[in-house]
Every structure is written in structure tokens, then in C-alpha cells.
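Notes for the one structure printed next.
Predicted, not measured: the structure shown is a model, and the values here were computed from it. In what follows, chains carry the letters A, B, and so on, assigned in the order in which the sequence lines appear, proteins first and then strands, with residues in each chain numbered from 1.
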2 protein chains.
Amino acid sequence: MTYTQLPDEMPTELLDALERHDLRDAQHLLGRRPPHLIADDLARMDAVDAVVAFRLLGKDQAIEVFEELAPVDQQAMLMGLRDTAFRDLVENLDPDDRVRMLREAPAKVVRRVLAGLSAHERRMTAALLGYPEGSVGRCMTPEVVPLEVDVTVGQSLDRVRLRGADAETVYTLPVVDRGRRLTGVVALRDLVLSSPDDALADHVVTDALRVHAAEPAEDAARLMRETNVLALPVVDSEERLVGLLTIDDAVEVIEEADTEDVARQSGSAPWTGHYMAATVWQLARYRIVWLLFLLLAATLTVTVTEAFESTLDKVTQLAMFIPLLIGTGGNAGAQAATAAVRALAVGEVRVFDLPAVVWRECRSGLVLGAMLAGLAMVLGTLFVGVHIAVVVGVALVIICGWAATVGGAMPLLAKRLNIDPAVVSAPMVTTLVDATGLVIYFLTARVVLGI
Amino acid sequence: MTYTQLPDEMPTELLDALERHDLRDAQHLLGRRPPHLIADDLARMDAVDAVVAFRLLGKDQAIEVFEELAPVDQQAMLMGLRDTAFRDLVENLDPDDRVRMLREAPAKVVRRVLAGLSAHERRMTAALLGYPEGSVGRCMTPEVVPLEVDVTVGQSLDRVRLRGADAETVYTLPVVDRGRRLTGVVALRDLVLSSPDDALADHVVTDALRVHAAEPAEDAARLMRETNVLALPVVDSEERLVGLLTIDDAVEVIEEADTEDVARQSGSAPWTGHYMAATVWQLARYRIVWLLFLLLAATLTVTVTEAFESTLDKVTQLAMFIPLLIGTGGNAGAQAATAAVRALAVGEVRVFDLPAVVWRECRSGLVLGAMLAGLAMVLGTLFVGVHIAVVVGVALVIICGWAATVGGAMPLLAKRLNIDPAVVSAPMVTTLVDATGLVIYFLTARVVLGI
């Protein structure tokens with residue numbers, strides 16, 4: 001079963017079987033489909049069908065499929081299950097997956113989940129839920145195998161054999177002192193490749209990076225990506241080991257943060273579920289706030305045009321170039337804003353880089369404006385004559401320089417003010433640049449045409 | 001050394017030491033700074049200073065820092081090294097890191113690198129370079145420890161001990177038959193937790209996913225993210241094992257693909273280096289193509305406005321709402337386009353979803369347009385009177401429905417035509433919607449105002 005040979009689309013036999021309510025046949029077909037594809041199938045079905053199909057899955061398969069669903073879809077699925085199935089599923093999830101599922105869940109769902117758990121699982125889950133939303137503590141695994149530093153490699157391996165079955169990973173093993181304070185980490189690979197009689201202490205990496213449970217998960221995940229580690233030990237404020245952040249959870253944190261950034265940059269609130277699972281109303285709700293705000297901001301352009309009505313009345317042809325000029329300014333601003341937001345996200349640019357960013361974006365905007373002005377003046381001369389062409393050309397240079405400067409600066413300013421830089425989205429920069437671009441255009445026209 | 005305690009900015013003492021040419025002091029300070037931060041420092045320095053600082057690093061540290069650099073920066077750094085240092089560094093890189101560095105490198109750099117390698121490393125590197133750019137083969141590691149299926153767990157562990165030191169990972173072990181054809185994989189964890197006398201065959205996962213070396217690396221990386229595996233076995237067209245794709249490389253592939261998508265969506269060619277390492281000219285070069293294209297496309301708006309000049313002459317006030325209308329249409333289109341590109345990238349939407357996507361985006365666009373029209377008509381009445389307000393309101397509903405439909409459909413159409421969906425960027429949708437939006441606006445005006 002190679003990746004390329006997997007059918008993306010839900011096999012029609014399976015859909016047929018579900019439609020015919022031939023549950024045995026459907027069950028058989030589902031059994032042969034990989035969990036991550038079933039999860040995608042479920043997200044695309046309507047809620048009732050999805051629950052029916054989900055109930056047909058074998059116990060282990062159900063857990064694997066469930067873990068692949070988005071939290072909103074998980075909650076919907078869970079509410080459709082009968083009590084025993086509900087408890088079975090919830091009890092068998094890893095604590096971090098359980099906490100992920102409960103994100104933004106209504107209080108009554110949280111209570112029902114916690115009530116159904118065994119005492120041990122409930123304690124672990126409650127501990128993770130105690131950390132702030134979006135923190136490392138919320139997505140780490142508390143099920144680790146801590147080693148003590150004053151033993152041999154062989155003794156450590158014995159301990160891994162004894163306790164490893166319950167742990168989420170045994171490839172990165174945290175090493176602690178008697179007070180459970182983190183000393184360092186050791187890789188299982190080193191243990192396996194060393195002599196059993198070696199002292200563990202000789203293999204412990206004591207300057208290994210660690211993170212605090214209350215730190216933002218996204219920062220920790222990007223750090224893991226940059227340093228290529230498979231798991232990062234997590235400590236509390238007293239440097240005591242509380243868990244491990246594993247690479248699969250880190251990858252998910254990064255993917256979610258990127259999806260959120262992308263949505264914000266286009267002026268949408270982030271929708272965390274599966275795209276095909278969102279209803280039309282949900283799509284509209286996530287987008288309307290920004291559109292309304294931007295529409296209000298766009299009334300600035302109405303005011304500006306009104307203020308220059310006399311100029312426009314004298315040379316109506318100026319109106320012909322309004323969309324082109326503000327469109328180009330918006331594009332130049334959006335390019336700079338997008339580059340700055342991404343560079344901030346991956347850590348290539350930081351807040352103290354503001355002057356450097358403004359300086360380089362301003363210059364590159366002017367360079368771009370000059371290049372564009374050449375083309376625009378040729379086009380303008382062809383369409384309406386050389387005078388207006390000069391106005392358009394001059395205005396383009398100034399508008400592009402200004403737009404790139406604003407686009408580059410705003411995400412960094414937002415970050416300094418502790419606002420998500422992606423919120424200072426391309427449409428916001430575009431709308432701001434629209435109004436100011438018009439002012440630049442009309443003022444240029446007055447000066448060049450002497451009106 | 002906890003993450004939060006690490007200084008982001010290059011310590012001033014270090015900068016001072018470099019400036020004073022106090023190399024011993026600088027060397028001492030560099031020794032205490034983590035590699036991923038040094039890599040960031042180097043990308044921000046000018047080329048000559050960066051080479052000076054890089055030469056001060058210890059051998060192991062130099063390799064770690066080098067691996068964190070972007071390929072363009074790596075090539076620049078390499079060309080600044082003396083022959084022995086050059087050969088040392090290149091020989092000690094992992095084959096996949098070496099191949100990554102050579103991406104888009106000039107032929108003379110590739111030749112110099114290959115010439116400096118030992119026969120063994122050269123053979124491995126040449127094999128990876130034989131796969132197409134962007135394929136799995138280019139970023140997999142060929143240094144694996146294949147196990148044979150008809151041995152015991154204990155014998156397998158012995159083999160890992162013997163051969164594991166050279167392998168990039170030993171946590172996922174591919175299992176092959178006598179013809180080196182892939183049978184399945186086994187996790188080191190299972191080997192460690194099992195009895196040494198167990199047959200290996202009992203622990204092999206035979207239905208494990210695998211990828212072909214010629215497949216796109218991004219697809220394989222997303223598959224790893226979805227299925228939470230640490231390494232994916234890579235086979236050739238005869239199902240023979242050729243390597244492993246490890247999670248750290250997969251994460252990098254995803255991050256690069258996302259950065260590329262983000263750049264493309266804002267109408268930039270993707271710049272693969274560090275943002276702060278790009279010169280103003282490079283920034284401009286990566287952005288100018290789209291801006292020129294969009295400017296040309298924007299002349300459509302000039303033509304449209306010209307065609308409706310008589311309408312505009314009769315009611316000059318119509319010009320006041322041009323920026324607002326096309327801006328809003330552009331925003332609605334950009335939201336839909338961005339959502340569709342992202343959903344395609346993470347695999348939530350596929351080409352065959354086109355009718356479903358068009359249907360939901362069209363409806364959500366109309367819903368959004370109706371909401372916005374309410375606000376716009378109030379504003380319009382206040383600014384210019386009820387007649388033009390009605391024109392603006394009606395036009396908004398149609399424009400938003402149309403913009404969302406175009407925005408949702410174009411990325412999927414592009415994908416069907418094998419064009420990168422991100423190229424059908426927000427600015428491209430915006431520009432298209434600008435011109436068509438104007439036609440909608442003027443036609444609505446003619447009908448409603450009876451001119």
C-alpha cells in the first residue's frame with residue numbers, strides 16, 4: 001500500500017454501503033482504509049452520517065481516526081456516542097489528545113468527559129487543563145519515563161522496559177535528580193549503542209534545551225523545528241520535570257498557527273475545523289467582522305474622493321486611473337506585509353528589527369514604484385495623453401514607497417503592542433493604503449497639472 | 001539554559017569582539033551560544049563578517065550552525081572558506097543536508113563540492129542528486145540500517161548496535177527481504193520492550209505506509225504529519241528500499257512549502273533565504289514580475305472606466321464609491337482564495353471538490369454581500385442620497401457573490417491544470433474582480449438610475 005496508490009476520494013462502494021445501511025459491508029470496507037483518510041471522510045459527511053460511520057469502526061481504529069479529527073469535529077462526534085462507547089473512547093485517548101479535544105469545548109462537555117474518566121487519567125487531564133490555552137502545558141504529554149542520574153545504562157534500559165509501554169515516547173528520556181528537577185536528557189539511541197555498564201551520567205546531555213509549561217506552545221514548537229529535536233523536556237517554575245513536548249504535537253501546533261496566520265492575513269477569523277465541515281453561515285460569520293470593518297475604513301476613500309471632487313470635476317479622466325493606482329499600492333503593501341508577518345512567524349525578524357525593516361522596505365518600494373512608473377507612463381500616454389501619464393507615474397513611485405513602508409512596519413508595530421501581527425493583515429494595509437494613496441494621487445495631480 | 005532565558009539579539013559583547021577583531025574573545029563567546037541562534041546571527045551580518053565569524057566556530061559547532069542556514073546562505077558561506085575547511089565541512093555533512101545545500105547551486109559549486117568528497121560520500125550524494133528537484137529522493141537519508149526479516153529481536157538489536165552510529169535515525173527501522181525489497185518497518189521502541197528471543201517478524205508492521213523516491217516531498221511530508229510517524233521508508237520503482245524520510249526533514253519541507261505559499265499568495269516569487277539576508281534589489285526582483293503583470297491586468301479597469309465614461313460624466317458622484325466597491329470585492333475574493341489555497345495545501349480540499357466549493361463560496365459571498373449592503377446603503381444615503389445608495393447596495397451583493405465564487409474556484413482550477421494554486425494569488429483574484437466589479441457597478445447604476 002504505497003501512498004500514491006491510496007484512493008483519495010471515499011470509495012463509492014463504501015458510500016453505497018453506508019447509504020444502503022449495509023453496515024457489515026461498510027464495516028469491512030472501512031477496516032481496510034487508513035485512519036487519516038477516514039477522518040477526512042467523516043469531516044465531509046453530514047453530522048448524523050458521520051456518527052453512524054464512526055460507530056462502525058473497531059475500537060483501536062476508532063481511537064486512531066478520532067485523534068486525526070479537528071477539535072470541533074471531535075466534540076460533535078463524541079456527543080453522538082452512547083455512554084459506554086463514549087467512556088471507552090475518552091479513557092483510551094492520550095492525555096494531551098484529550099486536552100486538545102476539550103479546547104473551547106462547552107463546560108458541560110468538559111464535565112461529562114472528566115466524570116467518565118478513571119481517577120488516574122482524570123488527575124493527569126485536570127493538570128494539563130490547568131495550564132493556559134495555547135501554552136506548552138496544554139499540548140505536552142505528562143506520561144514520561146524519567147531516569148535517575150546515578151545509575152548505569154543497563155539499569156536505565158531496564159527501567160524503560162518496565163515503564164515504557166505507557167509513555168508516549170521513549171526516544172528522548174528526561175533525567176532528573178532526587179527532587180524531580182531536570183538534569184538533562186538522554187537519547188534512547190545512545191543507551192542502545194553504549195555498553196550496559198557505562199554510567200548513565202556519561203551520556204546525559206546536560207545543556208539540552210528545555211521549556212516552561214506556561215510558555216507559548218508555538219514558540220516551543222518553532223524552537224524544536226529549528227533545533228531538530230524529537231522531544232523537548234517541559235519543566236515547571238521550580239525546574240521540576242512535568243512532561244515532554246513531542247515532535248508530532250509540535251508539528252500540529254505549527255500547522256495550526258500557520259493556518260491561523262493565513263486566515264488572519266486575508267482578513268478572516270481563523271476557522272479551526274475542517275474546511276469542508278464549515279457551513280455557509282460559519283464561513284460568513286468568520287469573515288463578516290473584517291469585511292464590515294474594512295468597509296467602514298473604506299469610507300475614508302469616499303471622503304477623500306469627495307474632498308477632491310473639484311479636482312476630479314475639472315479632469316474626469318483622472319478617475320480612470322483610480323482603481324489601477326490604489327490596486328497597485330495595495331499589492332505592494334500586501335507583499336511587504338505578508339513577507340514581514342511570515343518572517344516574524346518563523347523567527348527571522350524580531351521587533352527590534354523595525355528600523356532595518358522600514359528602511360529596506362521603503363527603498364524596495366521606491367525601486368518597484370520607479371519600474372512600474374515606466375510602464376504606467378507608456379500606457380497612460382496611449383490612453384489619455386502625456387500630462388495625466390506623468391501624474392500617474394509620479395504618484396506610483398510615491399504610493400509604492402509608502403505602501404511598502406506601511407506594509408513592512410505594521411506587523412512589527414503590532415507585535416510590539418502584543419497584537420497578533422497576522423491581524424495587521426494584507427486587507428488592512430491595503431485599505432489604509434487605498435485612502436492615503438488617493439490623497440497622494442490627487443495632490444500630485446494638482447501640483448503637476450497646476451489645478 | 002531555558003528557552004525564555006536565551007538572548008534573541010546577538011550579545012553586544014560578541015559584536016564588539018568581532019568589530020575589535022578580538023578573535024579569541026569572540027570565539028569564547030560564540031562557544032556559549034546555541035547553533036540555531038548563531039545561524040540567525042550570521043544571516044543578518046554582511047557576507048564578509050559572516051565568513052569571519054563562521055571560521056571562528058569549532059568543527060562540530062560549525063556543522064551544526066551550517067545545517068541551520070538557508071541554502072543560498074550556505075553557498076555564500078562555503079565559497080568563503082579555505083580548501084581544507086571547505087572539504088572538512090562538506091565531508092561531514094549528512095548526505096541529505098549536502099544535497100539540500102546544493103539546491104539551485106551554480107554548476108561550479110556542485111562540481112567543487114563533489115570533487116572534495118570521499119568516494120563513499122560522493123556516491124551517496126550523486127545518487128540523491130539524481131532525483132528530481134522537490135522529490136522525496138532529494139531530502140531522504142540514504143544512511144539507514146535495514147534489518148532482515150528472518151532473525152530474532154536480539155540479533156536485530158545487535159545489528160543496530162553495529163551499524164547504528166552512521167545512520168541518521170534508528171528509531172524507525174526498515175525491514176527488507178533478500179532482494180532489498182521493503183517488507184515493512186519496526187520501531188526501535190518495540191525491539192527494546194520485547195524479549196530478545198522473539199522473532200523479528202512478529203513485530204514488523206507490514207502495512208506501514210511507504211513513499212516512492214520520485215514523489216513530491218511536500219505530499220510525503222504532509223502524509224507524515226497526518227499519520228504522526230517519525231520516519232517514512234522510501235522505495236524505488238521496484239519497491240527496493242533506498243532511504244528514509246525523517247520527521248525533521250519533513251517539517252522543514254512543510255515550512256518551506258508554507259513560506260512559498262504565503263509569498264505566492266501575496267504576489268511575490270518565493271525567496272528561500274533568510275528575510276534579513278535579502279538585499280533591496282533581491283526583494284524588488286522577487287516582487288516586480290507580479291506587480292508588472294497586475295499593473296497590466298489593472299489596465300482593464302482603465303478600459304472599463306473609459307467605456308462607461310458617459311455614465312460617469314452624468315453622475316460624477318458614482319466615482320466616489322469606486323474604491324470602496326472594488327476594495328470590498330477584492331477583500332471578499334481574497335478571503336475565499338486564501339481559504340481554498342490553504343485547504344488544498346493541508347489536504348482538506350481536493351480537485352474533485354470544485355462544485356461543492358463553488359456552491360458554498362457563492363452562497364457565503366451573497367450572504368456577506370447582503371450584510372455589507374445594509375451598512376453601505378446607510379452610509380451611501382448619508383453621503384450622497386438614496387438613489388446612489390441603492391446602486392451601491394445592489395452592486396455590493398452581486399460583487400461579493402461573484403468575488404467569493406471566483407476566489408474559491410480559481411485555486412482548484414489551477415490545481416487541476418497542474419499550476420501551483422498559490423500562484424492564483426489573492427492579488428490576482430483581486431485584480432480580476434476589480435475589473436469585473438466595475439462592470440457590475442456601472443451596469444447596476446444604468447439599470448437602477450435609468451441612465
Side-chain angles (χ1 to χ4, degrees), chain A residues 1-3 8 36 161 164 170-171 189 193 210-211 223 225-228 247-248 251 258-259 262 266-268 274-275 280 283-284 287-288 291 294-295 298-299 301-302 305-306 319-320 322-324 326-328 331 334-335 338 342-343 348-350 360 363-364 367-368 371-372 379 427 434, chain B residues 2-3 8 36 161 164 170-171 189 193 207 210-211 223 225-228 247-248 251 258-259 262 266-268 274-275 280 283-284 287-288 291 294-295 298-299 301-302 305-306 319-320 322-324 326-328 331 334-335 338 342-343 348-350 360 363-364 367-368 371-372 379 427 434:
Chain A
M1 184 168 51
T2 314
Y3 173 59
D8 258 1
H36 72 282
R161 284 192 196 96
V170 291
Y171 296 141
R189 173 187 183 137
L193 297 185
R210 58 191 67 180
V211 284
L223 179 69
R225 141 80 192 88
E226 276 173 40
T227 54
N228 292 336
I247 184 75
D248 55 324
V251 174
D258 283 349
T259 299
V262 168
S266 75
S268 291
H274 191 292
Y275 172 80
V280 168
L283 283 186
R287 295 176 183 175
I288 188 65
L291 285 181
L294 293 171
L295 186 71
T299 53
T301 61
V302 181
T305 320
E306 201 176 24
M320 285 167 53
I322 289 178
L324 182 145
I326 63 176
T328 305
N331 290 336
Q335 286 180 336
T338 310
R342 184 66 185 169
E348 288 177 356
V349 162
R350 290 184 292 265
R360 58 172 37 218
R363 282 179 303 158
S364 82
V367 168
L368 287 169
M371 293 175 177
L372 294 171
L379 293 172
D434 278 358
Chain B
T2 314
Y3 172 58
D8 258 359
H36 71 282
R161 283 193 197 97
V170 292
Y171 296 141
R189 174 187 182 137
L193 296 185
D207 65 348
R210 59 190 66 179
V211 285
L223 179 70
R225 142 80 192 88
E226 276 173 41
T227 54
N228 291 335
I247 184 75
D248 54 324
V251 173
D258 283 349
T259 300
V262 168
S266 76
S268 291
H274 191 292
Y275 173 79
V280 168
L283 283 185
R287 295 177 183 172
I288 188 66
L291 285 181
L294 294 171
L295 186 71
T299 55
T301 62
V302 181
T305 320
E306 202 175 24
M320 285 167 53
I322 290 177
L324 181 144
I326 63 176
T328 304
N331 289 337
Q335 286 180 335
T338 310
R342 183 68 185 166
E348 288 177 356
V349 162
R350 290 184 291 265
R360 58 171 38 220
R363 284 180 300 159
S364 84
V367 168
L368 288 168
M371 293 176 177
L372 295 171
L379 293 172
D434 278 359

- Item | Side chain, backbone, both or neither of A:Val367 within contact of chain B (heavy atoms, under 4.5 Å) | side chain
- Query: With chain A, which of B:Ile326, B:Val302, B:Asn228 has the greatest number of heavy-atom pairs at distances under 4.5 Å?
  - Reply: B:Val302
- Counterpart residues, side-chain contact (heavy atoms from CB on, under 4.5 Å), relative to A:Arg360 (two or more places apart): A:Arg363, B:Tyr275, B:Ala278, B:Val280, B:Leu283
- Message: To the closest 0.5 Å, what do you measure between CE (A:Met320) and OG1 (B:Thr299)?
- Response: 10.5 Å
- Query: What's the shortest heavy-atom distance between B:Glu348 and A:His274, and which atoms?
  - Reply: O-CE1, 3.1 Å
- Task: Not counting sequence neighbours, which residues clear salt bridge (charged side-chain N to carboxylate O under 4.0 Å, His left out) with B:Asp258? List them please.
- Result: B:Arg222, B:Arg342
- Message: For A:Ile288, which atoms come within 4.5 Å of any heavy atom of chain B: side chain, backbone, both, or neither?
- Response: both
- Message: Taking side chain as everything from C-beta outward and backbone as N, CA, C, O, which of these in B:Leu372 sits under 4.5 Å from a heavy atom of chain A? Side chain, backbone, both or neither.
- Response: both
- Message: Return the CG to OG distance between B:Asn331 and A:Ser268, rounded to the nearest 0.5 Å.
- Response: 10.0 Å
- Output the option from A:Thr227, A:Thr259, A:Val251, A:Asp248 having the highest count of non-hydrogen pairs under 4.5 Å with chain B. A:Thr259
- Task: Against chain A, label B:Leu368 side chain, backbone, both or neither, depending on which of its atoms sit under 4.5 Å from a heavy atom there.
- Result: both
- Item | Contacting moiety of B:Ile322, where chain A heavy atoms sit under 4.5 Å | side chain
- Task: Heavy-atom distances under 4.5 Å only: say whether B:Leu379 touches chain A with side chain, backbone, both or neither.
- Result: side chain
- Give me the one residue out of B:Asp434, B:Leu295, B:Leu294 that meets side-chain contact (heavy atoms from CB on, under 4.5 Å) with A:Leu324. B:Leu295
